A.B. asks: 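Mind having a look at this structure? Questions to follow.
Source: prediction; values computed, not measured.
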Amino acid sequence: MKNGFESVKCDEKNPKWQEATKRETPIYDRNDIRSDFERDYTRILHCQAYRRLKHKTQVFYAPHNDHVCTRMEHVMHVASVASTICKYLGLNEQLSNAIALGHDIGHAPFGHHGEDCLNSLMEQKEGKDAPKKFWHERNSLFFADFIETLPDPDGIAQPLNLTYAVRDGLICHCGEIDQQGIKPRADAIDLYSIKRPGLIQPFTWEGCVVKIADKIAYLGRDIEDARQYHILDMAAYRHMREIVATTLNSKGNHAFRSGKAVNTTVLINDLIVDLCQQSTPEKGLCFSEEYFNFILEIKKFNFAHIYNHWRLKEFSYYADNCLQTIFRTLMRYYEYAKNGRMAQALKYYPVLGKTFVEWLIKYTNYRPITWKTEMDRKKILRLNTVQVFNLNDIGSYIKCVVEFISGMTDVFAIQVYDEIISF
């Protein structure tokens, strides 16, 4: 129903408003014509983690193909879908745009292959002090809270300091879980108490919309990209037509205008319209039974014919080797990191050495031996950030290395890998 959610939108009339707009650290004052959520949107837009999404894999590694979806294009698709839904239902578009834009800033290089690899690396250390497992939803929150900075009017690098509603949307955006009747949770909780992706609903309706928009955005586009690489054979096309015929029999074959495969724009439109027609604040955000079954079957199709395709499996071995080699190299020089000699240890790897030492200086208690006195790091670097990692603890160093790798683009990870293995 049009404007059917206006009474529950995240605005000044909503009892959640004060919690939703709260920031962990007060942001600097300025004369601004933007709302809090618009300000969050532009802070994400200008941060480096967002910029790097243009060279991160969505599903297919394709730095030389301008027409295959990258991680940056994906987040823009999600923002577009979420904005359309929010506008029709009467929800806050500014909030959904900010969440959607930032929801993948913590994603690893090489898509979900890279995420699985980093997760396995973090699981290698056992015991109660072992680092928590890597999952990109939590990592997006971590990057927003502790890693990404922007200069304030005085040129001092400050954390993003996003509002609670946007931070909540980052960690709760998981679109992999199939649910009907999604509704926001009631309480503002400690976001770092969330231990697994997809189990906790967002705090706002807008966050719930982004969660569903993530699924709508990737389903059809992944099929479109698979067609470009000739991943799908005729048997796959027949399977796809069977899915439409058996799940959308009362709604026609609108998604099959091409005669072969799902038309991405038509599929996105049909899913958005169905969601908007079926959802109410009482029922929650939901699809009709036919379209929900269609989504389940298309997800199965994508796993069977795309994500588990042998070519992507072969690529995953290469991606794993790149990231594991970088990890093992940096772990080999742990003692050098503790003693301030990492620059000397990595002198034969100039690209890796320069970037990793900069990372250590910015986010750890690292003190280069070239620093003759105990200088004020924040004043020298013009930073107002906290020390995130402790180099005196091996578990913290493991997490430090994994987080450093997670911020890499695919292209940069390959460049560093080639640097390590070249003689």
A.B. asks: Quick check against the 3.5 Å criterion: does R185 have a side-chain atom that pairs as donor or acceptor with the backbone of Q201?
C.D. replies: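 Answer holds: yes.
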A.B. asks: Look up atom CD in E12 and atom OG in S35, then write down how far apart they are to the nearest 0.5 Å.
C.D. replies: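 These two atoms lie 9.0 Å from each other.
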A.B. asks: Please report whether the ring centroid of F404 lies less than 6.0 Å from that of Y363.
C.D. replies: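 So the answer is no for these two rings.
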A.B. asks: Salt bridge or not for D410 and R71, using N-O below 4.0 Å?
C.D. replies: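 The answer is no: the pair does not qualify as a salt bridge.
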A.B. asks: Check for a donor-acceptor pair, side chain of Q228 on one end and backbone N or O of V68 on the other, with a separation under 3.5 Å.
C.D. replies: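 Here the side-chain-to-backbone pair does not exist.
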A.B. asks: Do K9 and E6 sit within salt-bridge range, that is, some charged N less than 4.0 Å from a carboxylate O?
C.D. replies: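 Judged by the 4.0 Å cut-off on N to carboxylate O distance, K9 and E6 do not form a salt bridge.
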A.B. asks: Do W310 and Y317 have ring centres separated by under 6.0 Å?
C.D. replies: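 Centroid distance W310-Y317: not below 6.0 Å, so no.
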A.B. asks: For H74 and Y218, take the angle between the two ring planes, folded into 0 to 90°, and tell me which bin it lands in: parallel under 30, tilted 30 to 60, perpendicular over 60.
C.D. replies: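 It falls in the tilted class, 30° to 60°.
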A.B. asks: Using a strict cut-off of less than 4.0 Å between a Lys/Arg side-chain nitrogen and an Asp/Glu carboxylate oxygen, indicate whether K362 and E403 qualify as a salt bridge.
C.D. replies: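 Not counted as a salt bridge, because no side-chain N and carboxylate O are separated by less than 4.0 Å.
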A.B. asks: Under 3.5 Å, side chain of N384 to main-chain N/O of Q158, donor-acceptor pair present?
C.D. replies: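 Flag not set: sc N384 to bb Q158 has no pair under 3.5 Å.
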A.B. asks: Return yes if some donor-acceptor pair links the side-chain N/O of T364 with the main-chain N/O of F389 below 3.5 Å, else return no.
C.D. replies: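 Absent.
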A.B. asks: Using a cut-off of 6.0 Å, state whether more than 12 heavy atoms not belonging to M331 lie near its atom CE.
C.D. replies: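 Result for CE/M331: enclosed.
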A.B. asks: If I take atom CD1 from residue I99 and atom NE2 from residue H173, how far apart are they, to the nearest 0.5 angstrom?
C.D. replies: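 Interatomic distance, I99 CD1 to H173 NE2, rounded to 0.5 Å: 11.0 Å.
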A.B. asks: More than 12 heavy atoms of other residues, nucleotides or ligands under 6.0 Å from CD of Q18: is that the case?
C.D. replies: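 Atom CD in Q18 is not crowded, with 12 or fewer foreign heavy atoms closer than 6.0 Å.
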A.B. asks: Would you say the side chain of I306 lies within less than 4.5 Å of the side chain of Y229, judging by non-hydrogen atoms?
C.D. replies: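 Counting from C-beta outward, Y229 and I306 never come under 4.5 Å.
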A.B. asks: Please tabulate, for the side chains in residues 336-354, all donor-acceptor contacts under 3.5 angstrom to protein atoms that are two or more places apart in sequence or on a different chain.
C.D. replies:
from : atom 1 : to   : atom 2 : distance (Å)
K338 : NZ     : E335 : OE2    : 3.4
N339 : ND2    : E335 : O      : 3.0
K354 : NZ     : E358 : OE2    : 2.8

A.B. asks: Does the side chain of N139 come under 3.5 Å of the side chain of S406 through a donor N or O and an acceptor N or O?
C.D. replies: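 Result is yes, a qualifying pair exists.
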A.B. asks: Could you work out, with side chain to side chain donor-acceptor pair (under 3.5 Å) as the rule, every residue matching N161, not counting sequence neighbours?
C.D. replies: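 Not a single residue meets the side chain to side chain donor-acceptor pair (under 3.5 Å) criterion with N161.
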A.B. asks: Checking E206 against N92: is there a side-chain donor and acceptor pair closer than 3.5 Å?
C.D. replies: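 No, E206 and N92 have no side-chain donor paired with an acceptor closer than 3.5 Å.
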A.B. asks: Test N293 against T247 for side-chain hydrogen bond (donor to acceptor under 3.5 Å, both in side chains), laying out the working first.
C.D. replies: CA-CA 6 Å; N293 289 334; T247 58; over 6 Å; no
A.B. asks: To the nearest 0.5 Å, what is the distance between CZ (F60) and NE2 (H309)?
C.D. replies: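 Answer for the CZ-NE2 pair, F60 versus H309, is 8.5 Å.
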A.B. asks: Please work out which of the three classes, parallel, tilted or perpendicular, describes the rings of F142 and F146, given edges at 30° and 60°.
C.D. replies: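 Tilted.
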A.B. asks: Using the six-membered ring wherever Trp is involved, compare the ring planes of W205 and F5 and label them parallel, tilted or perpendicular (cut-offs 30° and 60°).
C.D. replies: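 The rings of W205 and F5 stand perpendicular, inter-plane angle above 60°.
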A.B. asks: Can you spot which of R52, R43, R51 makes a salt bridge (charged side-chain N to carboxylate O under 4.0 Å, His left out) with E148?
C.D. replies: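 Only one option passes, and that is R52.
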A.B. asks: Looking at D190, is its backbone amide N or carbonyl O close enough to the side chain of S193 to form a donor-acceptor pair, meaning the two atoms are under 3.5 Å apart?
C.D. replies: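 Between the backbone of D190 and the side chain of S193 there is a qualifying donor-acceptor contact (under 3.5 Å).
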A.B. asks: Please verify the inter-ring angle class for H305 with F301; under 30° counts as parallel, over 60° as perpendicular, anything in between as tilted.
C.D. replies: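 The rings of H305 and F301 sit tilted, inter-plane angle from 30° to 60°.
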A.B. asks: Can you label the angle between the H107 ring and the H112 ring as parallel, tilted or perpendicular, going by 30° and 60°?
C.D. replies: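 Judged by the thresholds at 30° and 60°, the geometry between H107 and H112 is perpendicular.
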A.B. asks: Quick one: does any side-chain atom of D11 pair with a main-chain N or O of K13 as donor and acceptor, under 3.5 Å?
C.D. replies: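 Yes, the answer is positive, given that a donor and an acceptor are paired below the 3.5 Å cut-off.
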A.B. asks: Does a side-chain N-to-carboxylate-O contact under 4.0 Å join E297 and K300?
C.D. replies: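 Salt bridge between E297 and K300, a charged N being under 4.0 Å from a carboxylate O: yes.
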A.B. asks: Using a strict threshold of under 4.0 Å (side-chain N to carboxylate O), is an ion pair present between K16 and D168?
C.D. replies: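 Looking at D168 and K16, the cut-off is not met.
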